[in-house]
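Encoded as structure tokens, the structure appears first; notes follow it.
This is a predicted model, so every value here is computed, not measured. Only heavy atoms go into these numbers, but all of them, side chains included; no hydrogens, no water, no symmetry mates. Chain letters run A, B, ... following the sequence lines, proteins first, then strands; residues in each count from 1.
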Amino acid sequence: MKIGVFVCHCGSNIAGTVDVAGVAQAAKNFPEVAFATDLLYSCSEPGQEAIVQAVQEHDLDGVVVAACTPRMHEPTFRRAVERAGLNRYMFEMANIREHCSWVGKDKDANTRKASDLVLQAVEKLRFDRPLQAKSFDINKRVLVVGGGVAGIQAALDCADGGLEVVLLEKTSTIGGKMAKLDKTFPTVDCSSCILGPKMVDVSMHPNITLYAYAELESVEGYVGNFEVSVKKKATYVDWDKCTGCGLCMEKCPSKKAYDAFNEGIAPTRAINIPFPQAIPKRAVIDPTYCRQFIKGKCGVCAKVCPTEAIDYEMQDSFVQEKVGAVITATGYDLFDYRKYGEYGGGRYPDVITSMQYERLLNASGPTGGHIQRPSDGREPKKVVFIQCVGSRDKSVDRPYCSGFCCMYTAKQTILTKDHIPDSQSYVFYMDIRAPGKMYDEFTRRAMEEYGAQYIRGRVSQVYPYKDSLIVRGVDTLLGSQVEIEADLVVLAVGAEASRGASELAEKLRISYDAYGFYMESHPKLRPVETNTAGVYLAGACQGSKDIPASVGQGSAAAAKVLALFSKDQLESDPQVALVSQARCVGCGKCVQTCPFGAIQLAEDRAGNPKAEVIETVCQGCGLCTVTCPQSAIQLQHFTDNQILAEVNALCQQAMEESFES
Amino acid sequence: MSPELSYAYYPGCSGLSTSKDYEISTRAVCRALGIKLQEIPDWSCCGSTPAHTVDHVFSAALSARNLSLAEQMGSDTVITPCPSCLTNLKVAAHRMEQEPAFQQEVNRHLQEPCVNTVQVKSVLQALIQDLGPEAIAKQVEKPLSGLKIAPYYGCIMNRPPEVMDFDDPENPVAMDEILRGLGAEVLPYPLKVECCGASYGVARKDVVMQLSGKLLDLADSLGADAIATACPLCQMNLDLRQDQINAALKRSFRLPVFYYTQLMGLAFGLEEKDLLLNKLNVPAGPALAKMQQAAEAAAEQDAQTKEQ
Amino acid sequence: MSAGNGRELRIVGFLCNWCSYGGADTAGVSRLGQPTDLRIIRLPCTGRMDPLFMFKALLSGADGVLVSGCHPRDCHYSEGNFYARRRLELAKRLLPTLGFDSGRFEYTWVSASEGKRWQQVVTAFTEQIHTLGPGPKFSH
Amino acid sequence: MDVLKLDSGYDAAFVEAVMNESGQDPFACYQCGNCTAGCPYTFVYDLPVHQIMRLLQAGHKGRILQSHSLWLCATCESCTTRCPNNIDVARIMDVLRHMAGREGMITEKQVKQFNDSFLDSVKKHGRVFEFGTLVKYIARSGRFWSDADLGPKVMRKGKIAPRPHDIKGKDEVARIFHSVLGDGKK
Ligand SMILES: Cc1cc2nc3c(=O)[nH]c(=O)nc-3n(C[C@H](O)[C@H](O)[C@H](O)COP(=O)(O)OP(=O)(O)OC[C@H]3O[C@@H](n4cnc5c(N)ncnc54)[C@H](O)[C@@H]3O)c2cc1C
Ligand SMILES: Cc1cc2nc3c(=O)[nH]c(=O)nc-3n(C[C@H](O)[C@H](O)[C@H](O)COP(=O)(O)OP(=O)(O)OC[C@H]3O[C@@H](n4cnc5c(N)ncnc54)[C@H](O)[C@@H]3O)c2cc1C
Ligand code: SF4
Ligand code: SF4
Ligand code: SF4
Ligand code: SF4
Ligand code: SF4
Ligand code: SF4
Ligand code: SF4
Ligand code: SF4
């Protein structure tokens, strides 16, 4: 084998603390090295050209570039060696910048280390084999999980781009949190006026199949070829027949059902259509409240329904869908306001959450848009808002900022003043986080034009006294305890990962952070991709965010899917496991170990069981290689021999040194 | 009947004097419920607040002496009625468990080292967790129907939760449950864990006037007939100092402040010598009379509805 | 030059590509200075880490071996790091019977964003190896 | 108020001592003020407790140890229970009080005198003798007893024991005093 070594200066980034020419000189003595030189900027156009020329001039079989981290330029150089006529896997990088020149000050030590790293790469390269990517067909359909504003946007953009879309929503209507909001910051325009048309578009779009009241049961397959099973939960109403007339709801005698859409502010009926603009507008029976289910008798809805849609015997059903990509848009849930005993949420009726307040403000909400205290229906005059409830609080394991509550609180003070002109709002805050376009101007308006009183400090306790709630807090700017006799207390509850987010992540094999939010591939440069090919993120499931950001990410995820599907075939990464038929004894250990189900047991011609890797499914983790008692299954490009060669290269050097001295 | 409950018992110094009524009624109630209290022989003072104000090893050593005595009795659980003692004993045990070096240091000052094996609980915790509210309710002979009670726990019985490890630190309910079982009407008293002024009655009386005054005011605004408490210091501040508070705040509260054990004894039908209600500064008579009237009125109502 | 005074010792690191290799990169990008004894081998996942590699390194003259992967639950391959942990715990326990101090081997978690943590891990481990001194050498 | 010198006024040894003795990290405090908001004693404090935390971050020993607040804190644990950053604030207050005591900066003499009288009684009898404590306190503080009105109530009801209960192990208890605190008061 003829190997070429190129040692990069990276200007002074490497050359400043490594004797680059010295390393290149030393490399000339390494096994099978036919050519070695140093380059000023390897990744620049002249740098790459020099590599291509050297390969051709010296008839090289493999290339080592000693430069920055392979996580940065490995693809760049692989393309370069390919241009030079080599297989792109006949290439190795030695990381002498991030792992060497940037972390050590001693030039001699760095130079020794750099040349060790070059030797290590050379030794590995000697075992490299050309690998060929396989092409495979893809299914150009996309599954969107979650029908909030982010999911809606992603679904519409994909559908407009010509893709078939399957949209999955676990509740009986799409719309997510935004459907519950009254107005939206920073423009204070009506939430349903801007969301409603989009929801209708979803229902009318010929490319979108909507499964509401449905959940993802299981996922098999890989990018381009996922097979998903969708569970359609029993609604006890035949949606093909139901017209959404609402007669059943009117007549249902069970009137104390929990109204999730209205955040429990008022009860609803056991058979329910969450709100008039629901998409799909279909009824669902809640069996925990329905008398037919509890007591075995009632049947009123079945009698009144003009289309005979009611079906008490209905069971969950399953449908299978084949898609090539998945976008998760499962949003967030709200922090449980009962966790702060000192605020009395859940104990004192007039201590409510911000989302409950949105429902009170909303003209189509249970109070018709009149702000009324839950306890006695009285119109509150003094409203206290407490920010950061369940955010930025290590004691409840929520150290992060939810990002949007400062803004919606400002919005709610403005709306409070609009609804009740002689009211006064008080906001307890720690910091005001309003970094968006027109955002800070908005919070200033709440204070300057609408007279909201902002108090810098936290509230330590809320308790009822006579007809009011005593709110005791601190004004840290004054250095004083402060007290307000409030009529209503609104808790700006923070966002947390959507319930069930981690289970869904495990099905999709994507990772999530310590709080259950989904992990993007790179926090800055790949914010809508996951580390699992073909799975993308949109909206608050990746981390709390407001509507503009959610919509932006929904569109971005759609663009990623459209780019993915712009080709008819995808190439698989050939750095996958490979079974040596001769060595495999068919014990099946690898089959059990593979987290991706990429190995199956087949029979060879003699009828002996042998492991077989499905190349397109294998993710290249190497678990199987370590598991196999016969060393029969080897991860290509990271074989036992290659890693041991690296170990040897590093230790040999040390051994020699230790005997020298 | 469940197997007999038996505990090492740490009465605390105030039980011998200012809170004798708490002490006597606690013992009487436990007797009635078949709970055996074995007083720790020759127990000494836990040092209360003044000790931990001076030094933590010192405070822990005073407590650990008693824990060690309980260990020598072969007991696995110590119970005490007084929250202040409870805090000192529990903080000492907790810290010795968390920091072996601290335990060593503490033991250096003791005659018999403390191995730290006994669990420390309040009598209240033992009653609710080990015996259970049903067993208590079963013992009731004279329900306290019609008596509106504000339950007040004091600031340190449940805080900080990492150490005290019992009930909710913001809204404890153990005493509520017991009182409800006695037939009383338990008011939703929101300042259950707010501080009463603690031991500042002597050195900074003004503080107690403000803090205890606020507690009385809230109970009064809720229409309480009485306050129930589990803490000698709270009881003293709210009861003994009630006249001082009235004078300082220009109010006229007349709220009897019972130990919850006294109320249990009342409902169990125990005798005055076991309750020592006569030791209350604000007399219990009017509240109890009101309860009596309410009970009679209810009985009459009952009889009438039956006739109809 | 190295953490201790005197000569550099030889430490071999096995890092997963997704988390710890990225963490080491992050440390580099942030110029977080470290002792120079360590040389890193990149693995796709710590699940690829065969305990044999560690034994081989120590027997061939390495003075210490450091393995670092993703935090539990963070594994790009969902569970590779769990396998790794189980295997490596066992391997660590075997070290004394082979004549190596078990302190010559550590297994840790560093995510791609934890450059600072990586610096601390490398510094602490290098110090630990210098305290133990050069490992036993077996010539072949 | 003086200008605080944030650079030269920072007393690193003091901050470290507080951290060591309390086992708490004052730098985790982000000044939300929740401790002050809930502290029942803020109204008599000269420095609200969150400002004590801030001064601790600024390393200003003098202002902290001179504060009256240290001696008025009742260890009610409200701050500790509600601190969003899990700081045991009450323990820090306790430790600061120990330090102030050691340095003889006792800004609330009566509180200290009351505590000392209490402890003297424990040292002598093994258990506290409340009546004796009171008498001693009055003598020590030289203050007219503001609770004179309570006397008759307490006496009449026999609520205060007229004689101490000496325990057998009182010498052992006294030894704890000597061996931890030394002969002088901490
Ligand atoms: C009180 C309040 C007021 C607000 N006001 C504003 C405002 O004025 N302006 C603004 O910009 N932002 C506002 N926000 C923020 C706004 O709610 C979010 O930015 C937005 O809802 C995020 O959209 P999303 O689609 O990512 O998530 P969501 O709205 O949470 O939608 C997620 C959807 O996915 C579904 N789902 C979840 N899990 C699954 C699953 N496993 N399978 C299938 N479906 C699933 C859910 O049912 C839901 O329909 C406010 C938030 C609150 C709490
Ligand atoms: C001091 C500082 C530190 C920062 N640190 C961070 C950080 O740590 N992390 C972070 O996330 N963000 C950071 N930012 C923000 C970051 O710089 C921006 O988010 C980012 O650069 C925006 O990228 P952009 O492509 O939109 O705009 P730009 O980076 O401004 O790029 C715009 C490009 O368009 C070109 N251009 C302009 N007008 C024309 C024209 N008419 N025709 C053709 N070309 C044109 C410009 O020459 C320029 O190349 C920092 C910003 C500052 C000021
Ligand atoms: S290849 Fe890497 S090290 Fe070389 S010049 Fe480019 S960025 Fe710098
Ligand atoms: S179930 Fe029947 S009655 Fe109810 S909304 Fe549908 S069509 Fe109307
Ligand atoms: S059967 Fe159930 S859902 Fe239908 S009307 Fe009766 S209670 Fe309501
Ligand atoms: S956005 Fe504002 S209210 Fe919400 S967590 Fe952040 S700082 Fe607190
Ligand atoms: S390398 Fe990983 S994904 Fe591929 S077959 Fe082996 S265990 Fe499965
Ligand atoms: S573990 Fe190895 S021998 Fe067993 S089936 Fe898999 S490849 Fe074959
Ligand atoms: S509550 Fe905690 S974080 Fe807030 S100011 Fe007090 S000590 Fe600091
Ligand atoms: S422990 Fe002290 S500082 Fe903390 S709230 Fe109670 S009295 Fe205030």
Side-chain angles (χ1 to χ4, degrees), chain B residues 13-14 16-21 41-45 47-58 61-62 65 69 87 99 108-111 155-156 158-163 169-170 193-207 210-211 240-241 243-244 278-281, chain D residues 21 23 40-41 43-44 72 74-78 80-82 88 90-91 94-95 97-98 101 108 110-111 113-116 118-119 121-122 125-131 134 137 141 146-147 149-150 153-154 157-161 165 167-170 172-173 175-177 179-181 185-186:
Chain B
C13 301
S14 64
L16 303 177
S17 78
T18 44
S19 67
K20 200 185 264 170
D21 33 1
D42 208 45
W43 57 270
S44 51
C45 177
S48 193
T49 309
H52 74 69
T53 298
V54 172
D55 185 276
H56 286 152
V57 172
F58 170 57
L62 288 177
R65 177 179 182 269
L69 287 173
T87 300
E99 303 168 36
R108 232 168 39 82
H109 304 286
L110 295 185
Q111 203 160 308
C155 56
I156 48 175
N158 310 287
R159 302 194 303 196
E162 298 75 39
V163 179
E170 294 292 347
V193 294
E194 194 75 4
C195 183
C196 66
S199 57
Y200 287 106
V202 180
R204 286 290 302 255
K205 196 165 99 181
D206 54 323
V207 172
Q210 286 298 325
L211 297 180
L240 196 58
R241 294 185 184 279
D243 301 330
Q244 291 179 341
N278 65 349
K279 298 234 181 272
L280 299 188
N281 172 45
Chain D
E21 287 183 39
Y41 293 81
F43 77 105
V44 286
L72 294 167
T75 323
C76 77
E77 304 285 353
S78 164
T80 296
T81 304
R82 293 178 187 154
D88 190 342
R91 188 151 157 207
D94 234 13
V95 161
R97 188 161 40 213
H98 300 166
E108 287 282 327
Q110 289 154 21
V111 172
Q113 280 156 352
F114 177 77
N115 288 346
D116 289 348
F118 183 101
L119 292 176
S121 175
V122 178
H125 309 293
R127 289 180 194 161
V128 66
F129 168 43
E130 288 171 320
F131 188 65
L134 220 55
Y137 166 72
S141 62
S146 63
D147 281 334
D149 56 325
L150 298 185
K153 288 180 191 165
V154 172
K157 293 199 179 275
K159 274 206 88 150
I160 194 155
H165 303 255
I167 64 165
K168 282 191 265 157
K170 65 180 181 184
E172 194 191 335
V173 173
R175 266 202 301 280
I176 295 178
F177 275 76
S179 107
V180 188
L181 304 179
K185 280 257 152 51
K186 274 210 181 178

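Of the listed residues B:V163, B:T49, B:L16, the one with more heavy-atom pairs under 4.5 angstrom with chain D than any other is B:L16. Of all the listed residues (D:V122, D:V173, D:L72, D:V44), the one sharing the greatest number of non-hydrogen pairs under 4.5 Å with chain B is D:L72. Listed options B:H56, B:E162, B:E170 were ranked by heavy-atom pairs under 4.5 angstrom with chain D; first place goes to B:H56. For the set D:V111, D:V95, D:T80, D:D88, the entry with the most heavy-atom pairs within less than 4.5 Å of chain B is D:V111. Of the listed residues B:S48, B:S44, B:G47, the one with more heavy-atom pairs under 4.5 angstrom with chain D than any other is B:S44. Per-residue heavy-atom pair counts under 4.5 Å with chain B were compared for D:G23, D:G126, D:G169, D:C76, and the maximum is reached by D:C76. Options B:Q210, B:E194, B:K20 differ in how many heavy-atom pairs under 4.5 Å they form with chain D, and the most are formed by B:Q210.
Here the side chain of B:D42 pairs a donor or acceptor atom with the backbone of D:K168 at under 3.5 angstrom. Listed for the B:R108 side chain is no donor-acceptor partner under 3.5 Å among the backbone atoms of D:V180. Judged purely by atom type and a 3.5 angstrom limit, B:Q111 has no side-chain atom pairing as donor or acceptor with the backbone of D:E172.
In this structure D:R175 satisfies the salt bridge (charged side-chain N to carboxylate O under 4.0 Å, His left out) test with no other residue, sequence neighbours excluded. Partners of B:R159 by salt bridge (charged side-chain N to carboxylate O under 4.0 Å, His left out), not counting sequence neighbours: none found.
Contact record, D:Y41 with B:A198: OH-N, 3.7 Å, taken as the closest heavy-atom pair. Closest approach of D:P40 and B:L211 over heavy atoms only: O-CD2, 3.4 Å. Minimum interatomic distance between D:T81 and B:P160 (heavy atoms only, all atoms of both residues): OG1-CA, 3.8 Å. Nearest heavy atoms, D:D94 versus B:T53: OD1-CA, 3.9 Å. Annotation for D:H98 and B:D55: closest pair NE2-N, 3.5 Å, computed over non-hydrogen atoms. Here the closest non-hydrogen pair linking B:I156 and D:E77 is CG2-CG, 4.2 Å.
Atom SG of B:C45 and atom CD1 of D:I167 lie 9.5 Å apart (nearest 0.5 Å). The CZ atom of B:R204 sits 7.5 Å away from atom CD of D:Q110, with the distance rounded to the nearest 0.5 Å. Between the SG atom in B:C13 and the CZ atom in D:F118 there is a gap of 6.0 Å [rounded to 0.5 Å].
For B:S14, the parts lying near chain D are the backbone and the side chain together; criterion is any non-hydrogen pair under 4.5 Å. Contact of D:T75 with chain B is made through backbone and side chain together, with heavy-atom distances under 4.5 Å. For B:N158, no part lies near chain D; criterion is any non-hydrogen pair under 4.5 Å. The parts of D:V128 that come within reach of chain B are both its backbone and its side chain, each placing non-hydrogen atoms under 4.5 angstrom from that chain. Heavy atoms of D:F131 lying under 4.5 Å from chain B are absent altogether. Using a 4.5 Å cut-off between heavy atoms, D:Q113 does not touch chain B at all. Neither the backbone nor the side chain of B:L69 comes within contact range of chain D; no heavy atom of the residue lies under 4.5 Å from a heavy atom of that chain.
Between D:F114 and B:Y200, the distance from one ring center to the other does not fall under 6.0 angstrom.
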Subject >> Verdict with reasoning, B:V54 to D:L181, per side-chain contact (heavy atoms from CB on, under 4.5 Å) >> reply: CA-CA 9 Å; B:V54 172; D:L181 304 179; 3.8 Å; yes
